[in-house]
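Worksheet: one structure, shown below.
Letters A, B, ... are given to chains in the order of the sequence lines, protein chains preceding strands, and every chain is numbered from 1.
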Number of protein chains: 2
Amino acid sequence: MKAMKYSRQRESIKEFLEGRTDHPTADMIYMNIRKLYPNISLGTVYRNLSLLVSIGEISKIAGTDGAERFDPNTKPHYHFVCRECGCVQDISLEPVKALDGLAAEGFDGSIEGHTTLFYGTCSECKKKLLDKPIAL
Amino acid sequence: MKAMKYSRQRESIKEFLEGRTDHPTADMIYMNIRKLYPNISLGTVYRNLSLLVSIGEISKIAGTDGAERFDPNTKPHYHFVCRECGCVQDISLEPVKALDGLAAEGFDGSIEGHTTLFYGTCSECKKKLLDKPIAL
DNA sequence: ATAAAAACGATAATCACTATCGTTTTTATT
DNA sequence: AATAAAAACGATAGTGATTATCGTTTTTAT
C-alpha cells in the first residue's frame with residue numbers, strides 16, 4: 001500500500017551517515033548534503049531521516065539536549081555526551097541486560113529495555129581545560 | 001548579590017510537586033497551579049521550575065520525548081517511561097555506579113555519571129491491551 | 001509512453017521553551 | 001508605617017527544532 005520509492009536525496013543521507021561516529025544532528029546533515037544537492041530542503045532531510053529510522057537502517061539518539069542525533073549503527077549501544085562541548089561519542093560497553101531484570105523487581109509494569117547516556121568530559125575538552133588558566 | 005525573594009507562585013509550584021510521583025511537565029503544572037492562581041503566566045512556571053532545579057529543591061528528568069518532566073525527589077534514581085501512554089514512573093533500583101567504571105574502560109574522556117531510562121509497558125496499559133480485541 | 005503515487009522543495013505551522021519589558025511584590029532600612 | 005532597591009510577576013514576542021501542507025517533480029510498474 002505504501003511502497004517506498006528510491007530517492008537520491010535519501011541515498012545520499014544514508015551514505016553521508018555511513019561510517020560516521022560523530023552522531024550528527026539533522027541540521028548538520030542538511031548542511032553537508034547541501035554541498036552535493038544545493039537545493040535539498042531541510043524538510044526532506046527530516047522526512048528521510050525518520051523514514052530511515054522507521055525501516056531500521058539508522059537509529060536516533062534521544063536524551064541529548066537540544067537536537068536529536070542520528071547514528072548509522074543500529075545495534076543497541078551506549079553513548080557518552082560531553083558536558084563541555086556537547087559532542088556525542090560511542091561507548092564500547094555491551095548493553096547490560098541484567099539491569100532490566102533488576103529494575104523489574106517490584107515494578108508492576110513490564111520492562112523491555114533501557115537507554116543509558118553517560119556524561120562527563122571528552123578527551124578534547126580535558127586537554128583544553130588543562131591549558132586554560134584558572135578563572136578568578 | 002542575587003538574593004532570592006519569596007514568591008507564593010514558586011511556593012505553590014513546590015507544594016504541588018511535593019509528594020507527587022507522576023513527574024508532570026511544565027504545562028501540566030501550569031494547568032494545575034492556575035486553579036489556585038488563575039492569572040499565573042506559563043513563563044513564571046518555567047522560571048520557577050528552573051530556579052528550583054538550580055537550587056536543588058527539585059530535579060528535572062531529561063530524555064523523555066517531548067517535554068521535560070519534573071520530580072520532587074532530588075536523590076538520583078532511575079525512571080521508566082511507558083511506550084503506550086508515555087507516563088513516567090520511578091524505578092526503585094539504587095543507581096548502579098559500577099556502570100561508570102565499565103564504560104570508562106577504553107574510553108579516553110572522563111565519565112562522571114550516567115542517566116538511564118527504562119522503557120516498556122506500564123501496568124495500566126498492560127491491562128488495557130489484554131482487554132482490547134486483536135486488530136486485523 | 002503513460003499514469004499513479006511517492007518524494008520533492010518551499011514555506012507555514014506547531015511545540016516547548018526563553019527573553020524582554022513595564023508593572024507589582026517583597027523585604028531590608030529608615 | 002514609609003521608602004526604595006531589586007526580585008518576581010504577567011503579557012507577550014522571539015527562538016530553535018521539528019512537523020505539516022501543498023503544488024510540482026521523480027520514480028516506477030504497466
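Between dC8(C) and Asn48(A), a contact under 4.0 Å exists linking OP1 or OP2 to a side-chain N or O. For Gln9(A) and dT26(D), the shortest distance from a side-chain N or O to OP1 or OP2 is not below 4.0 Å. Residue Tyr46(B) places at least one side-chain N or O closer than 4.0 Å to OP1 or OP2 of dC17(C). Residue Thr44(A) places at least one side-chain N or O closer than 4.0 Å to OP1 or OP2 of dG9(C). Taking side-chain N and O atoms only, Arg8(A) has no distance below 4.0 Å to OP1 or OP2 of dC8(C). Contact annotation: Arg47(A) side-chain N/O to dT19(D) OP1/OP2 distance is not under 4.0 Å. Side-chain N/O atoms of Ser7(A) include none lying less than 4.0 angstrom from OP1 or OP2 on dT26(D).
Aromatic ring pairs are classed by plane angle as parallel below 30°, tilted from 30° to 60° and perpendicular above 60°; the pair His77(A) and His23(A) is tilted.
Rounded to a whole Å, the CD1 atom of Ile33(A) is 15 Å from the C1' atom of dC8(C). Look at CD on Glu68(B): it is 14 Å from C1' on dA17(D), rounded to the nearest Å. Spacing between atom CG of Leu51(A) and atom C1' of dT18(D) amounts to 16 Å, rounded to whole angstrom units. In this structure, the NZ atom of Lys5(A) is 15 Å from the P atom of dA3(C), given to the nearest Å. Rounded to whole angstrom, the span from the CD atom of Glu11(B) across to the C1' atom of dT27(C) amounts to 16 Å. One can place OH of Tyr30(A) at 13 Å from C1' of dC8(C), the figure rounded to the nearest angstrom. For the pair Asp27(A) CG and dT15(D) C1', the interatomic distance rounds to 14 Å; values are reported in whole Å. If you take CZ of Arg10(B) and C1' of dT27(C), they are 13 Å apart, rounded to a whole angstrom.
Residue-level contact check: Leu42(A) touches the bases, meaning some heavy atom is under 4.0 Å from a base atom.
Nucleotide dA4(C) forms a Watson-Crick or G-U wobble pair with dT27(D), both donor-acceptor distances falling under 3.5 Å. Pairing for dA2(D) is with dT29(C), a Watson-Crick or G-U wobble pair whose two hydrogen-bonding atom distances lie under 3.5 Å. A 3.5 Å limit on both hydrogen-bonding distances identifies dG16(D) as the Watson-Crick or G-U partner of dC15(C).
Both Tyr6(A) and Met4(B) lie near DNA chain C, and the one whose nearest nucleotide falls closer to the 5' end is Tyr6(A).
A donor-acceptor contact closer than 3.5 angstrom is absent between the side chains of Glu57(B) and Thr74(B). For His114(A) and Tyr78(A), the side-chain atoms include at least one donor-acceptor pair closer than 3.5 Å.
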> Yes or no on side chain to side chain contact (heavy atoms under 4.5 Å, CB included) for Ile111(B) and Tyr119(A), after CA distance, side-chain angles and deciding distance?
Replying inline: CA-CA 6 Å; Ile111(B) 286 168; Tyr119(A) 55 84; over 6 Å; no
> After noting the C-alpha distance and the side-chain angles of Glu112(A) and Thr121(B), does the key distance pass the side chain to side chain donor-acceptor pair (under 3.5 Å) rule?
Replying inline: CA-CA 8 Å; Glu112(A) 287 157 23; Thr121(B) 313; 3.2 Å; yes
